[in-house]
Number of protein chains: 2
Amino acid sequence: MKADTEKLKSLRDDFIGQWGAMGSQWGISRTMAQIHALLMTSTRPLSTDEVMDELAISRGNAHTNLKELVAWGLVRIVVRKGERREFFEAEKDVWQIFITVARERKRREIEPALSVLRRCADGSEDMTSEEGRAFFEQMRQLEEFVELTSKMSDRIASMKHGFAVQMAAKLLG
Amino acid sequence: MKADTEKLKSLRDDFIGQWGAMGSQWGISRTMAQIHALLMTSTRPLSTDEVMDELAISRGNAHTNLKELVAWGLVRIVVRKGERREFFEAEKDVWQIFITVARERKRREIEPALSVLRRCADGSEDMTSEEGRAFFEQMRQLEEFVELTSKMSDRIASMKHGFAVQMAAKLLG
DNA sequence: CACTGGTTTCAGTATTTACTGAAAATTCGG
DNA sequence: CCGAATTTTCAGTAAATACTGAAACCAGTG
């Protein structure tokens, strides 16, 4: 069916575009998110040149963002025997993607935040002025909360998909 | 103790700076995050001019970001009787902050994402090609997952702080 | 060991996003 | 209404970020 091929292409472009836009709201570069979307919806690994063509971007841009995705652990490099160039393939399992993103964001955002909060809490611990006490309390509460969040995220990430979903279902029931 | 006053100021500046940096990693403007940090660690509501001075920013910038914080629901406007100008005060309760941010991010990011995923899943539902099937499956899985996340976030946001913490503790235990 | 196909780097440029400062609008007491 | 105190808007500019394209690099091959 010819119509389907066309339609699929346009749906896919829609997805890629929107996923890219979403990415930039989160602190992720638009291109990186687009490449991710492209690879997630590809039935086979793609070469750098295919990515460049599909998204109409430069080689440098494609290269940098592909490598960044590999660094995040969202994309794998695939080598075909007899082929010299590299191909790229995205992780497609949603739970796995979630865990990967959670781990990476934790490392890049939560940990630094925690260290600031600890520093501020420790530094103000034995102040006696009203202002000092209030500051200490605020920092301590933030620290406690962020720490809890961080531990929860570890715990959830270590669950099997099925178990997590089951738990979620119970919670929602 | 004079030393404490100095130290507090520098700790606070540290916090404000780092919170601002964090903010820009998330898709929030640096200034907005800094103002939020400033107000969170203030023992009293501040005027626009105080915010401008403290952070060395322009009136326009201060104004825009204060209003944005109010729109998010993270900051309240306070009027003092006999005073014409407005003062601003941040929500300090960590759980409340969390809920507010979660709700807002859901509205701005999750909902739009869901609508794309639905559109893509619906549009490809009855395609028969291998590519079409794969695309549909991927969209459906993403949709399902995002939907679950969204419901969970609603559920958690509707809990009392104490209850949520208790549940977290059990989960971590 | 030079050639080919491919990857990596990066200076320069374009795009996006955030900020300034001053003018315009609004509010309110007199 | 008038004018002083404030808030709001926004055109212009600055800063941050992302992208290009070409050159340098690297790894197999004949």
Side-chain angles (χ1 to χ4, degrees), chain A residues 16-39 45-72 74-89 108-109, chain B residues 16-39 45-72 74-89 108-109:
Chain A
I16 291 170
Q18 295 291 139
W19 204 250
M22 282 231 7
S24 50
Q25 285 199 313
W26 290 67
I28 289 165
S29 111
R30 184 191 316 289
T31 303
M32 182 170 153
Q34 285 179 341
I35 296 180
H36 184 226
L38 177 68
L39 292 177
L46 301 183
S47 67
T48 302
D49 291 74
E50 286 172 309
V51 171
M52 287 168 59
D53 289 354
E54 204 73 51
L55 302 179
I57 59 178
S58 74
R59 181 173 304 284
N61 194 12
H63 174 78
T64 309
N65 284 291
L66 279 166
K67 283 302 152 89
E68 188 70 1
L69 281 164
V70 171
W72 273 66
L74 290 168
V75 165
R76 276 185 289 290
I77 296 173
V78 180
V79 280
R80 292 207 197 129
K81 56 183 173 184
E83 278 274 18
R84 197 135 139 209
R85 63 207 161 131
E86 299 180 323
F87 288 78
F88 300 89
E89 177 180 61
R108 300 178 186 222
E109 292 152 21
Chain B
I16 290 171
Q18 295 291 140
W19 204 249
M22 282 231 7
S24 49
Q25 285 200 311
W26 289 67
I28 288 164
S29 111
R30 185 190 314 291
T31 304
M32 182 169 152
Q34 285 179 342
I35 296 180
H36 184 225
L38 177 68
L39 292 177
L46 301 182
S47 67
T48 302
D49 290 76
E50 285 171 309
V51 172
M52 288 167 58
D53 289 353
E54 205 72 50
L55 302 177
I57 58 178
S58 73
R59 182 173 304 283
N61 194 12
H63 174 79
T64 309
N65 284 290
L66 279 166
K67 283 302 151 88
E68 188 70 3
L69 281 164
V70 170
W72 272 66
L74 290 168
V75 164
R76 276 186 287 290
I77 296 173
V78 181
V79 280
R80 290 203 200 133
K81 57 183 172 183
E83 278 273 19
R84 192 132 144 213
R85 64 209 161 128
E86 299 180 320
F87 289 77
F88 300 89
E89 176 179 63
R108 300 178 186 223
E109 291 153 21

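None of the values given here were measured: they were computed from a predicted structure. Hydrogens, waters and symmetry mates are skipped; everything else that's a heavy atom, side chains included, is used. Within every chain, numbering begins at 1; the chains are lettered A, B, ... in the order of the sequence lines, protein sequences first and strands thereafter.
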Side-chain donor-acceptor pairs of residues 22-29 of chain B under 3.5 Å, sequence neighbours excluded:
unit_1  : atom_1 : unit_2   : atom_2 : d
B/Ser24 : OG     : B/Ala21  : O      : 2.9
B/Trp26 : NE1    : A/Glu109 : OE1    : 3.1
B/Ser29 : OG     : B/Thr31  : N      : 3.4
B/Ser29 : OG     : B/Met32  : N      : 3.2
B/Ser29 : OG     : B/Asn65  : OD1    : 3.4

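In this structure, A/Leu66 places its CG atom 10 Å from P of C/dT8, rounding to the nearest Å. To the nearest angstrom, P of C/dA18 lies 11 Å from CD1 of B/Ile28. Across the protein-nucleic acid pair, A/Leu46 atom CG and C/dG6 atom P stand 15 Å apart, rounded to whole Å. Regarding A/Met52, its CE atom lies at a distance of 11 Å from the P atom of D/dA22, rounded to whole Å. Going from atom CD of B/Glu86 over to atom P of C/dC28 covers 10 Å, rounded to whole Å. Look at CD on A/Gln25: it is 14 Å from C1' on C/dT17, rounded to the nearest Å. Whole-Å rounding puts the A/Arg30 CZ to C/dT16 P distance at 7 Å. One interatomic measurement links the two molecules: NE2 of A/His63 to C1' of D/dC25, which rounds to 12 Å at whole-angstrom precision.
Remark: B/Glu50 does not engage B/Arg85 in a salt bridge, criterion side-chain N to carboxylate O under 4.0 Å.
For a distance-only test at 3.5 Å, the side chain of B/Arg84 qualifies as a donor-acceptor partner of the base of C/dT27. No N or O donor and acceptor, one from the side chain of B/Arg59 and one from the base of D/dT7, sit under 3.5 Å apart.
Going from atom CG of B/Leu66 over to atom CZ of B/Arg59 covers 11.0 Å, rounded to the nearest 0.5 Å. Taking CD1 of B/Ile57 as the reference point, atom OG1 of B/Thr64 lies at 9.0 Å (rounded to 0.5 Å).
Ranked by how close their nearest DNA chain C nucleotide is to the 5' end, A/Thr64 and A/Glu83 are led by A/Glu83. Nearer the 5' end of DNA chain C, as judged by each residue's closest nucleotide, is the contact made by A/Asn61, out of A/Asn61 and A/Ser24.
Residue A/Glu54 forms a side chain to side chain contact (heavy atoms under 4.5 Å, CB included) with just one option from A/Leu38, A/Asp49, A/Leu39, A/Leu46, and that option is A/Leu38.
Distances were taken from every side-chain heavy atom of B/Lys67 (C-beta onward) to each of D/dT8, D/dT6, C/dT20; the shortest belongs to D/dT8. The nucleotide whose nearest atom lies closest to any side-chain atom of B/Ser29 is, among D/dT7, C/dA18, C/dT7, C/dA18. Nearest to the side chain of B/Arg85, among D/dT20, C/dT7, D/dT7, sits D/dT7. Checking D/dC19, C/dT7, C/dT20 against every side-chain atom of A/Thr31, the shortest atom distance belongs to D/dC19.
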